[in-house]
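Just so you know, ligand 1 is whichever comes first in the structure, and atom 1 is the first atom listed for that ligand. Side-chain atoms are counted along with the backbone in the values below, which use heavy atoms only and exclude waters and symmetry mates.
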Amino acid sequence: MSCSDPRGISLGPRQIADGVYWVGVNDCLKDLFESLWPIPDGVSYNAYAVVGSEGAAIIDGVDEHLTYEYVEKIREVVGDLGRVKYIVINHLEPDHHASTPRLLELAENAVVLVSTVGARILESLYRVPRERIVEVKDGERVSLGDKTLRFVYTPWLHWPETMMTYLEEGGVLFSCDAFGSYGALVRGIFDDEVDLDYYLEEAKRYFSNIVFKYSKNVLEAVDKIEKLGLEIRILAPSHGPVYRKRISEIISLYRDLSLPKPCARATVVYGSMYGRTEEVVQTIERVLERSGVSVDLVDAARTHPSYTLSLVAESAAVVFVFPTYDASVFPPVREVINYLHVKQAGRGRLAAVVNTFSWGPSAKEAVDALSRAGFQILEPVVSTKSLPSPEDRRKIEELAERLSSELRKFGSCA
Ligand code: FEO
């Protein structure tokens, strides 16, 4: 899977249901999603055209630099852009709607449909004239003649204004960021056309980077969709594959990631400047694995936090092992702690801390920061000066044993 594959750069419009077309684009130019998260295989911005007997609606858009390709695809399926009645904004973020001002210029008869909260932000974000903004309420429907769009408010996925749009006649749920994944669409757009295992892994990383903080809202949204009894025949997110075969799998994945069932799994996040701290890591790994705990090791200096967050999201405990650097926590490890504070705070997970130093400890800085991020700190916090003494080694083993015994209470991971 490579975004540089020419087939990954420009897929034509694709019909996904009767009168419904994928008019999205692949972004193979960006290196970082949100200027934060690596996307070595690119990302897709999925947009859709719903063509009814009395006009067309465009569901979401694309980032600004790909507007031309998006508009040309809309022309291909709609014909005259004057037939576009609505541009639906499920979520305002520029990766979906930096293209909208240009489409509004070209589609002169169109108005945007947006949630109440979205309408408040839209005018200032994209300078859309007030007279071309129409607020839609939760549950409201609009007609395209033989097609009906229904709006479902699903706030805080991951902005306050987010909603989904449901096409009643086709059973298509346009979910925007929810159920999305990194990765350009290289070999097709449907779940049964692509290497779905790759996209499901990238969906986990996407979830842990973008949505994890709003897990409660994800669960509320999934519950709401289920309670409404919407029959979903096609699940059409705005990033990654369109689901027609394995819809329940991606919905279950989101539910499981939002409410992870703790199991005996730990991530060890470490930094080692000269290899000595790594020896401590090996001791901890050995003790944990001996007692049946699954362990992922992350060399923080050589792993982008995007990937670390994905592993930590599925772990009941995190062990931080790091040297002191300039009287502070080794910067790559400190960076992971900062990211956890911003993106995954308040889950009550366990953290263990081992600090190695030559002339000044920094364990307290890590403990304080982790406590603020909502971690429970497992005792003993271990600080070792220079080469670990036999007493230090005993403490490290004791810490690992205690962690094993806490994690084993959850049972092994499936
Ligand atoms: Fe894909 Fe929140 O934008």
Side-chain angles (χ1 to χ4, degrees), residues 3 22-48 58-67 69-70 87-101 103 112 114-115 117-122 124-126 151-165 173-185 189 199 202-218 220-222 235-243 250 253-254 257-258 306 309-310 313 339 342-344:
C3 201
W22 178 88
V23 290
V25 298
N26 281 322
D27 192 340
C28 297
L29 297 173
K30 262 198 188 138
D31 56 343
L32 296 173
F33 190 74
E34 295 186 339
S35 282
L36 280 174
W37 316 110
I39 41 172
D41 298 318
V43 69
S44 69
Y45 311 125
N46 302 334
Y48 304 90
I58 308 303
I59 315 290
D60 291 317
V62 305
D63 207 346
E64 191 168 17
H65 61 291
L66 293 160
T67 300
E69 184 182 340
Y70 159 69
I87 301 166
V88 175
I89 296 184
N90 282 319
H91 170 36
L92 277 163
E93 199 162 3
D95 56 332
H96 305 295
H97 284 286
S99 56
T100 292
L103 183 57
V112 298
V114 64
S115 69
V117 174
R120 280 188 228 135
I121 308 169
L122 175 60
S124 57
L125 193 57
Y126 297 118
F151 306 102
V152 182
Y153 277 22
T154 49
W156 290 108
L157 298 182
H158 55 123
W159 279 23
E161 87 296 4
T162 46
M163 65 177 192
M164 298 185 191
T165 299
L173 183 66
F174 304 101
S175 60
C176 205
D177 275 350
F179 313 117
S181 159
Y182 297 130
L185 294 169
I189 64 164
Y199 288 100
E202 284 296 75
K204 284 186 194 175
R205 186 163 70 91
Y206 176 87
F207 182 94
S208 70
N209 295 174
I210 311 292
V211 191
F212 187 97
K213 182 171 181 151
Y214 305 96
S215 292
K216 177 173 156 287
N217 308 88
V218 173
E220 285 171 3
V222 171
L235 178 59
S238 288
H239 301 294
V242 177
Y243 293 82
I250 183 69
L253 177 67
Y254 257 63
L257 291 169
S258 300
S306 170
L309 288 181
S310 189
Y339 269 102
V342 173
K343 303 302 291 189
Q344 297 190 8

(message) With a 6.0 Å cut-off (strictly less than), is the heavy-atom count around CD of E34, excluding the residue itself, greater than 12?
(response)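 Yes, because the 6.0 Å sphere around CD of E34 holds more than 12 heavy atoms from other groups.
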(request) Take atom 1 (Fe) of ligand 1 and tell me which protein N, O or S atoms are nearer than 2.8 Å. (result)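 Only D95 OD2, H96 NE2, D177 OD1, H239 NE2 fall inside 2.8 Å of atom 1 (Fe) of ligand 1.
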(request) Look at the aromatic rings of Y214 and W156 and report parallel, tilted or perpendicular, splitting at 30° and 60°. (result)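 Y214 and W156: parallel rings.
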(message) Using 30° and 60° as the class boundaries, would you call the ring planes of Y254 and F207 parallel, tilted or perpendicular?
(response)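 It falls in the perpendicular class, over 60°.
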(message) Can a donor-acceptor pair be found, under 3.5 Å and without considering hydrogens, that links the side chain of T165 to the backbone of F174?
(response)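 Such a contact is absent between T165 side chain and F174 backbone.
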(message) Side chains of D60 and Y45: any donor to acceptor distance under 3.5 Å?
(response)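 Looking only at side-chain atoms, D60 and Y45 do not form any donor-acceptor pair under 3.5 Å.
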(request) Among F33, F179, Y182, find the one that has a ring-ring contact (aromatic ring centres under 6.0 Å, His included) with H239. (result)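 Only one of F33, F179, Y182 forms a ring-ring contact (aromatic ring centres under 6.0 Å, His included) with H239, namely F33.
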